[in-house]
2 protein chains.
Amino acid sequence: MKAKQRKSPLRPSVAEALAESIFSGHYQPGDFVPKELALCEQFAINRSAVRSDLRQLVDVGIIERISGHGSKVREYADWNILDPQVTAWMTRYAAPNPKVQREILTFRLDVEPYVAMTAAKRATARDLVAIEEAYEGMGQYLHNADSGEERRLHSDYDVAFHEAIFKATHNIVWAQLSHILRPSIYLLVSMSNVSETDDPAESLERHRRLMECIRARQPREAFRAAQAVLAGTAKALGLEAPETSLGRSVELD
Amino acid sequence: MKAKQRKSPLRPSVAEALAESIFSGHYQPGDFVPKELALCEQFAINRSAVRSDLRQLVDVGIIERISGHGSKVREYADWNILDPQVTAWMTRYAAPNPKVQREILTFRLDVEPYVAMTAAKRATARDLVAIEEAYEGMGQYLHNADSGEERRLHSDYDVAFHEAIFKATHNIVWAQLSHILRPSIYLLVSMSNVSETDDPAESLERHRRLMECIRARQPREAFRAAQAVLAGTAKALGLEAPETSLGRSVELD
DNA sequence: ATTGCCCAAATGTTGAACATATGTCAGCGT
DNA sequence: ACGCTGACATATGTTCAACATTTGGGCAAT
């Protein structure tokens with residue numbers, strides 16, 4: 001038999017490669033990406049595949065195709081950053097792009113306290129299980145954080161923690177929006193390689209308090225606890241809750 | 001010369017036709033849509049075009065392609081309802097589908113009061129102009145509402161009003177989320193054909209109060225004013241703020 | 001200098017052929 | 001009678017080649 005294992009190790013994904021180039025800033029809004037035939041040659045695939053992948057980028061608003069001219073990178077505001085595929089790319093490649101990251105963190109500062117408040121009102125026992133399991137996972141991989149693997153696992157549970165809170169709102173729109181927080185959480189990982197501005201133990205404690213507020217059905221306290229968590233994240237990222245700091249200035253009473 | 005006018009009245013969009021069938025409930029989650037070759041025949045186009053259109057539905061999570069079997073409609077929860085294309089389809093075709101509409105209205109009840117509060121803190125003079133122009137447009141087409149054209153214009157300004165508030169948050173994520181409110185606003189139009197459960201003048205007055213709160217930079221009052229607007233919408237739609245009525249039970253003080 | 005025409009280049013569309021995955025069912029053995 | 005196996009039909013996935021259309025710019029005539 002012929003070596004069947006290698007039969008479909010997937011063709012090189014042009015969409016993936018272009019996304020990396022664009023998100024990392026190599027191609028910027030207004031630039032033109034290479035033409036179809038050039039990409040065919042570069043990746044050694046046929047034109048149908050290239051067109052299929054380019055369409056993927058068009059559908060999420062990242063590039064714009066001008067018939068007879070080329071494919072242009074669109075303005076950031078046109079990008080469909082609510083698309084899970086886009087946030088996945090952002091998570092992987094946008095680390096060196098602070099502009100996009102700041103926008104996302106600003107949104108999180110807006111939204112997550114409110115989501116936490118909503119979760120505190122609607123969370124079921126099953127939701128609490130998911131939140132608690134994620135929290136315990138965070139604690140499990142908290143120490144011995146010099147290993148990159150450990151840090152990655154910690155982030156996975158961090159994401160799971162926040163996603164569980166979004167899902168506890170029991171609304172499909174909120175649940176789908178949870179994609180948006182991945183980029184900033186993973187950015188936290190890659191940045192903590194260089195700067196240790198945040199104490200993991202304190203961060204964990206803030207998460208614990210948020211969890212307890214949701215469990216105890218205390219919406220107002222959950223709101224504040226989520227603010228505290230986000231403030232810690234913002235500080236660790238060196239993004240000092242930009243001018244649009246709603247989360248901080250909210251006055252609930 | 002040959003009749004050139006008809007050369008590109010666009011090929012029939014299979015994606016559009018399938019979207020209509022799916023959103024209106026003709027095909028439901030679990031059903032299989034016609035196979036590629038059947039669609040080729042039905043719409044008299046080639047297979048590449050069909051595949052291109054089907055891919056569009058796959059990318060937004062509406063259908064799932066099973067190699068060698070067919071294309072299946074996915075569960076509602078898997079649909080990427082944050083995609084502008086999806087909300088556009090929903091606006092046009094989902095009017096008779098109350099299940100999806102309820103989810104969206106629930107989300108609006110969650111989100112819009114908060115967006116209004118945020119807008120009350122960040123809105124610039126330019127934002128206020130946009131909001132006010134939309135409000136005046138609503139008032140202009142309020143009366144003589146027996147004309148379908150008048151009602152459509154009123155809805156356009158209604159959408160513009162709410163979108164302007166989303167944009168006044170000055171965050172690209174909120175701004176993009178404004179797509180989500182189109183379906184329920186347009187549903188309001190089609191339903192007010194049959195049931196006159198809402199007084200347009202009262203609705204306009206609620207919008208005016210919301211606008212004034214944002215102008216006066218009164219976040220808490222804006223929150224409540226937005227709740228009042230949404231409650232009116234929910235009542236007009238006959239959707240009595242479902243069990244997940246966060247917007248009603250919020251207690252800010 | 002402006003206008004109009006024509007051409008090159010890039011994207012858009014089409015059709016066919018081949019490859020791969022999936023479900024069905026007849027045939028065989030236990 | 002039950003279950004496994006392999007061939008077959010069907011539907012989706014991939015590749016290739018050719019043609020159509022759109023865009024931008026050069027060139028020439030006015």
Side-chain angles (χ1 to χ4, degrees), chain A residues 1-19 21-22 27 29-74 78 85, chain B residues 1-19 21-22 27 29-74 78 85:
Chain A
M1 78 171 65
K2 61 193 71 169
K4 204 179 176 201
Q5 289 94 335
R6 79 155 61 103
K7 75 161 165 55
S8 72
L10 305 170
R11 61 166 158 75
S13 171
V14 182
E16 198 69 24
L18 282 180
S21 295
I22 294 173
Y27 298 116
D31 291 353
F32 280 81
V33 301
K35 62 190 181 190
E36 290 183 354
L37 292 179
L39 292 172
C40 292
E41 192 175 348
Q42 183 180 347
F43 292 92
I45 58 178
N46 58 47
R47 202 171 144 221
S48 297
V50 168
R51 286 178 56 76
S52 176
D53 277 25
L54 284 177
R55 176 172 187 150
Q56 209 177 333
L57 295 177
V58 171
D59 285 343
V60 296
I62 292 179
I63 66 174
E64 170 188 16
R65 312 205 64 185
I66 303 172
S67 175
H69 193 204
S71 301
K72 186 168 63 172
V73 179
R74 300 179 67 181
D78 296 325
Q85 176 65 81
Chain B
M1 75 168 69
K2 62 195 69 170
K4 206 179 177 203
Q5 288 94 335
R6 78 156 63 106
K7 74 163 165 50
S8 71
L10 306 168
R11 61 164 160 76
S13 171
V14 182
E16 198 68 24
L18 282 181
S21 295
I22 293 172
Y27 298 117
D31 291 352
F32 281 81
V33 300
K35 63 190 181 189
E36 290 183 353
L37 292 179
L39 292 172
C40 292
E41 192 175 347
Q42 182 179 348
F43 293 91
I45 59 178
N46 60 44
R47 198 169 150 226
S48 297
V50 168
R51 286 178 55 75
S52 177
D53 276 25
L54 285 177
R55 180 180 179 143
Q56 208 176 334
L57 296 177
V58 171
D59 286 343
V60 296
I62 292 180
I63 67 174
E64 171 188 15
R65 313 204 63 182
I66 305 172
S67 178
H69 192 199
S71 301
K72 186 169 64 173
V73 178
R74 298 180 69 182
D78 296 324
Q85 175 66 82

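Throughout, protein chains are lettered first and strands after them, A, B, ... in sequence-line order, and every chain is numbered starting at 1. All figures in this text were calculated on a predicted structure; none of them were measured in a lab.
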*asked:* For B:Cys40 versus B:Arg47, what's the shortest heavy-atom pair and its separation?
replied: SG-CA, 3.4 Å

Provide, to the nearest angstrom, the distance between the [atom1] atom belonging to [X] and the [atom2] atom belonging to [N].
{"X": "B:Glu36", "N": "D:dT14", "atom1": "CD", "atom2": "P", "value": "11 Å"}
{"X": "A:Leu54", "N": "C:dA10", "atom1": "CG", "atom2": "C1'", "value": "12 Å"}
{"X": "A:Arg47", "N": "C:dG15", "atom1": "CZ", "atom2": "P", "value": "16 Å"}
{"X": "B:Ile45", "N": "C:dG15", "atom1": "CD1", "atom2": "P", "value": "10 Å"}
{"X": "A:Lys35", "N": "C:dG12", "atom1": "NZ", "atom2": "C1'", "value": "16 Å"}
{"X": "A:Glu64", "N": "D:dT23", "atom1": "CD", "atom2": "P", "value": "12 Å"}
{"X": "A:Lys72", "N": "D:dT23", "atom1": "NZ", "atom2": "P", "value": "13 Å"}

*Any B:Glu36 side-chain heavy atom under 4.5 Å of B:Leu39 side chain*: no

[N], OP1 or OP2 - any side-chain N/O from [X] closer than 4.0 Å?
{"X": "B:Arg51", "N": "D:dG13", "answer": "yes"}
{"X": "B:Asn46", "N": "C:dT13", "answer": "no"}
{"X": "B:Arg65", "N": "D:dG13", "answer": "yes"}

*With the side chain of A:His69 defined as its heavy atoms from C-beta on, choose the nearest nucleotide among C:dT11, D:dT12, D:dG24.*
D:dG24

*B:Ser67 side-chain proximity, nearest of C:dT20, D:dA18, D:dT14*: C:dT20

*Does the base of C:dG12 carry an N or O that pairs as donor and acceptor with the side chain of A:Arg55 under 3.5 Å?*
no

*Relative to the 5' end of DNA chain D, which residue comes earlier, A:Ile66 or A:Ser48, by the nucleotide with the nearest heavy atom?*
A:Ser48

*To the nearest 0.5 angstrom, please state how far the CD1 atom of B:Ile22 sits from the CD1 atom of B:Ile63.*
6.5 Å

_Around atom CD of B:Glu41, are there more than 12 heavy atoms from other residues, nucleotides or ligands closer than 6.0 Å?_
no

